[in-house]
Amino acid sequence: MKGIKVILYEPVQVGINPIGEPICEERPVEVENVLVGQPTEQDVKESLDLYGKKAVYCLGIPKKDYHKWEAGSRVEFFGEAFRIIGKPIKGIEQLVPGPWNLRVRVESYV
């Protein structure tokens with residue numbers, strides 16, 4: 001099995017505003033070998049119940065990837081844009097077979 005290349009728009013702090021809150025910009029980063037699959041019924045139900053957003057894909061992120069996969073971050077693949085829903089689900093690297101151990105749900109972003 002082999003994944004595809006996706007573009008993650010990773011938030012990067014570029015300063016602090018006058019009231020002390022961070023100012024962030026999105027930085028595009030290409031991430032190779034990301035699995036893209038359909039969400040289960042449970043994934044869709046949980047994302048709707050917890051966040052009010054419908055998961056349209058689940059992404060499998062490689063074990064050796066250390067980018068920030070945060071809720072609300074933008075991701076592009078298949079020529080479309082998506083937003084990450086909720087927190088990523090991470091498995092224990094040594095106990096998860098294969099090269100992927102982080103699971104991220106995304107919603108359509110128009």
Side-chain angles (χ1 to χ4, degrees):
M1 227 180 338
K2 183 166 175 23
I4 64 169
K5 177 173 47 175
V6 304
I7 299 172
L8 168 66
Y9 289 85
E10 192 172 32
V12 177
Q13 185 173 334
V14 293
I16 297 178
N17 69 14
I19 60 172
E21 295 176 339
I23 299 170
C24 292
E25 290 181 356
E26 292 181 329
R27 179 183 299 157
V29 178
E30 290 184 355
V31 181
E32 298 283 344
N33 198 22
V34 175
L35 289 182
V36 178
Q38 292 181 316
T40 64
E41 285 183 41
Q42 184 176 347
D43 288 324
V44 175
K45 183 176 178 354
E46 283 179 4
S47 66
L48 283 170
D49 289 349
L50 295 174
Y51 308 106
K53 300 169 190 250
K54 183 180 179 186
V56 294
Y57 288 107
C58 285
L59 307 181
I61 311 303
K63 291 178 180 177
K64 301 301 179 194
D65 180 76
Y66 297 103
H67 293 99
K68 296 177 185 175
W69 295 85
E70 297 179 354
S73 293
R74 197 162 44 114
V75 181
E76 290 181 356
F77 55 93
F78 298 155
E80 295 182 47
F82 302 89
R83 286 256 185 225
I84 296 174
I85 302 171
K87 288 187 171 189
I89 301 163
K90 188 170 187 170
I92 298 171
E93 191 169 326
Q94 296 84 353
L95 300 179
V96 178
W100 306 275
N101 73 325
L102 188 68
R103 201 161 155 261
V104 175
R105 293 176 286 202
V106 297
E107 66 172 333
S108 287
Y109 177 70
V110 181

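No experiment lies behind these values; they were computed from the predicted model shown. Positions are given from 1 along the sequence.
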* Asked: Within a strict 4.5 Å, meaning less than it, do heavy atoms of the E25 and V12 side chains meet?
  ->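 In short, these two side chains do not touch, never coming nearer than 4.5 Å.
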Exercise: identify the closest heavy-atom pair between [X] and [Y]:
X   : Y   : answer
A55 : S47 : N-OG, 3.2 Å
P28 : I7  : CB-CG2, 3.9 Å
V31 : H67 : CG2-ND1, 4.0 Å

Do [X] and [Y] land in one hydrophobic cluster if side-chain heavy atoms of ILVMFWY residues count as linked below 4.5 Å?
X   : Y   : answer
L50 : V44 : no
V56 : F78 : yes
W69 : Y57 : yes
I89 : I85 : no
I4  : I84 : yes

* **side-chain hydrogen bond (donor to acceptor under 3.5 Å, both in side chains) against Y9, all qualifying residues, sequence neighbours excluded** =>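 If we apply the side-chain hydrogen bond (donor to acceptor under 3.5 Å, both in side chains) test to Y9, skipping adjacent residues, the hits are E76.
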* Can you spot which of E26, E107, E80 makes a salt bridge (Lys or Arg N to Asp or Glu O under 4.0 Å) with R74? =>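 That would be E26; it is the only one of E26, E107, E80 passing the salt bridge (Lys or Arg N to Asp or Glu O under 4.0 Å) with R74.
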* Just jot down the side-chain contact (heavy atoms from CB on, under 4.5 Å) partners of E70, sequence neighbours excluded, or say none. =>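 In terms of side-chain contact (heavy atoms from CB on, under 4.5 Å), with neighbours along the sequence ignored, E70 is linked to P11, K68, S73.
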* Partner set under side-chain contact (heavy atoms from CB on, under 4.5 Å) for K5, not counting sequence neighbours ->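 side-chain contact (heavy atoms from CB on, under 4.5 Å) check on K5 returns E30, E32.
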Return a table of donor-acceptor pairs under 3.5 angstrom between the side chains of residues 99-106 and protein atoms on other chains or two or more places apart.
residue	atom	partner	partner atom	Å
W100	NE1	N33	O	2.7
N101	ND2	G91	O	3.1
R103	NH2	D43	OD1	2.7
R103	NH2	D43	OD2	2.4
R105	NH1	E46	OE1	3.3

Please check if the number of heavy atoms outside [X] that lie under 6.0 Å from its [atom1] is greater than 12.
X   : atom1 : result
K63 : NZ    : yes
Q38 : CD    : no
L95 : CG    : yes

* Step by step, work out the side-chain contact (heavy atoms from CB on, under 4.5 Å) result for F82 and V6. => CA-CA 11 Å; F82 302 89; V6 304; over 6 Å; no
* Using the test salt bridge (charged side-chain N to carboxylate O under 4.0 Å, His left out), find all partners of E10 that sit at least two apart in sequence or belong to another chain. =>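 Checked E10 against salt bridge (charged side-chain N to carboxylate O under 4.0 Å, His left out); zero matches.
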* Asked: Roughly how far apart are L8 CG and L59 CG, rounded to 0.5 Å?
  ->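 Answer for the CG-CG pair, L8 versus L59, is 9.5 Å.
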* Which pairs count as side chain to side chain donor-acceptor pair (under 3.5 Å) when at least one residue sits in residues 83-97, sequence neighbours excluded? ->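 Output for this query lists K64-E93, R83-Y109.
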* To do: Take V36 and F77 through the side-chain contact (heavy atoms from CB on, under 4.5 Å) test and state the conclusion after the steps.
  => CA-CA 9 Å; V36 178; F77 55 93; 3.7 Å; yes
